[in-house]
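A quick write-up on the structure given underneath.
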Amino acid sequence: MEIGQLRAFVTVAEEGNVGRAATRLHLTPSPVSRSIRALEHELGVELFARGHHSLTLTEAGRAALPRIEAALRSLEEARFAARQAAGHVAPLRLGSTHFAPPHVVDRVVATITAFPTGAPGQTPTSDVPDAPSGGLAELVHGPSSELLPTLARGELDLALVHLPVDDPSLDVLPLVTYRFRVAMRADDELAARTCLYLADLRDREILLTPTRLQPIAMRRLQDRLEQAGHAHVVTMREQDLLLLATTIRRSRQLTLTGSANSGPAGRVFADPAFALVPLAPGEIDFQLGLVWSRATAARDPRITAAVDHLRAAFPSR
């Protein structure tokens with residue numbers, strides 16, 4: 001009996017639908033269905049009655065559900081207890097999307113790093129280090145599409161991702177909202193503008209990076225462009241920022257990105273050959289937020305304490 005099978009069973013029981021459960025688990029429906037079948041085979045009973053578009057728990061499934069939920073909680077509690085028994089509290093593990101502005105990541109890491117290495121529940125020290133390296137925070141970079149399932153599995157404690165997040169088992173604290181820039185060649189007719197509206201771009205081809213790395217946020221962006229009447233939106237096959245910049249430099253295409261100091265997506269356009277013109281406020285805004293699992297926070301009070309201090313550190317969100 002595998003942990004993945006137990007998680008699949010609980011999630012399908014909550015959703016009543018394999019497709020929705022797969023979305024929450026950041027999987028496709030096929031492996032979720034296989035996990036349920038394998039668990040049923042191992043237990044020797046059917047856990048679900050299959051309808052045309054839904055699954056409902058059988059009597060055996062209803063009897064098994066609270067015990068399997070308790071087993072998953074016990075496994076997570078055992079993981080945390082083992083880390084404590086080693087003589088110290090393991091670092092809070094923070095994940096961050098590659099596209100988060102570095103100054104925001106540094107501020108979040110510095111706040112988490114300020115927590116002492118003592119027992120859970122202690123408040124941070126008043127002296128927050130200037131450099132976010134070392135200390136208590138362990139930082140892992142990755143795309144949102146990888147960070148969210150890792151967080152849901154309990155392999156990360158907190159994650160910085162672009163919002164929204166559609167997993168109801170996760171809590172969210174919005175931290176910052178930032179505006180897009182329109183990246184173009186420096187000799188483009190729009191380059192002299194101080195501000196642009198989506199209507200100004202309607203007859204231009206807009207090149208975007210793939211949606212799969214930040215799926216929900218990027219789909220929202222594409223939907224917003226479609227609502228504004230932009231029929232010429234092209235999505236790249238691969239996440240290659242240098243290719244993106246090269247393509248913009250050799251064509252009249254435009255792309256949407258952050259400022260030159262907002263991270264790698266903006267830095268590739270720092271060359272004088274490009275111009276970055278901000279979109280008007282409210283045209284398209286991206287939100288970056290902190291995300292954590294309610295179940296993990298219930299076992300580790302440091303997570304709630306860290307969130308409370310980050311809430312105070314970002315009061316203008």
* Please walk me through it: do R185 and D188 pass salt bridge (charged side-chain N to carboxylate O under 4.0 Å, His left out)? -> CA-CA 5 Å; R185 287 171 34 160; D188 194 284; over 6 Å; no
* Would you check, one step at a time, whether the test side-chain contact (heavy atoms from CB on, under 4.5 Å) holds for W292 with T304? => CA-CA 9 Å; W292 65 97; T304 301; 5.8 Å; no
* **Criterion side-chain hydrogen bond (donor to acceptor under 3.5 Å, both in side chains) on T23 and E15, from CA distance to verdict** => CA-CA 10 Å; T23 298; E15 294 292 340; over 6 Å; no
* Pair L196-M184, side-chain contact (heavy atoms from CB on, under 4.5 Å): steps then yes or no -> CA-CA 12 Å; L196 289 168; M184 66 196 77; 3.9 Å; yes
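Looking at every heavy atom in both residues, V18 comes nearest to P29 through CG1-O, 3.6 Å. For L139 against S96, the heavy-atom pair with the smallest separation is CD1-CB, 4.0 Å. Across every non-hydrogen atom of V32 and A8, the tightest pair is CG1-CB, 4.3 Å. Closest of all the heavy-atom pairs between Y197 and A280 is CE2-CB, 3.4 Å. Closest approach of L156 to L94, counting heavy atoms only: CD2-C, 4.1 Å. Here the closest heavy-atom approach between residue V277 and residue A191 is recorded as CG2-O, 3.9 Å.
Side-chain atoms of D157 come within 3.5 Å of backbone atoms of R93 as a donor-acceptor pair (strictly under, hydrogens ignored). A donor-acceptor contact shorter than 3.5 Å links the side chain of R294 to the backbone of P168. Between the side chain of R302 and the backbone N or O of I112 there is no donor-acceptor pair closer than 3.5 Å. Side chain of R153 to main chain of G4: no donor-acceptor pair is present (N/O by atom type, distance under 3.5 Å, no hydrogens or angles). A distance-only check finds a donor-acceptor pair linking the side chain of Q5 to the backbone of E2 [under 3.5 Å]. Between the side chain of T255 and the backbone N or O of L207, at least one donor-acceptor pair lies under 3.5 Å. No donor-acceptor pair closer than 3.5 Å links the side chain of Q287 to the backbone N or O of L163.
With no hydrogens or angles considered, no side-chain donor-acceptor pair links E14 and S169 at under 3.5 Å.
In this structure, the separation between CG on L225 and CZ on R202 is 11.0 Å, given to the nearest 0.5 Å. Separation of atoms CG (L47) and OG1 (T56) is listed at 11.5 Å; rounding is to 0.5 Å. Taken from CD in E46 to CZ in R37, the straight-line distance is 6.5 Å, to the nearest 0.5 Å. Atoms CG and CG, on L160 and L310 in that order, are 8.0 Å from each other to the nearest 0.5 Å. Distance check: I36 CD1 to F48 CZ gives 5.0 Å after rounding to the nearest 0.5 Å. How far CG of L201 is from CD1 of I206: 5.0 Å, rounded to the nearest 0.5 Å.
Counting heavy atoms of neighbouring residues, nucleotides and ligands inside a 6.0 Å radius, atom CG of D203 does not exceed 12 of them. Heavy atoms of other residues, nucleotides or ligands lying less than 6.0 angstrom from CD of E155 number more than 12.
Between F286 and H162, the ring-plane angle classifies as tilted under the 30° and 60° cut-offs.
Contact annotation: the side chain of M236 approaches that of L244 to within less than 4.5 Å [non-hydrogen atoms, C-beta and beyond].
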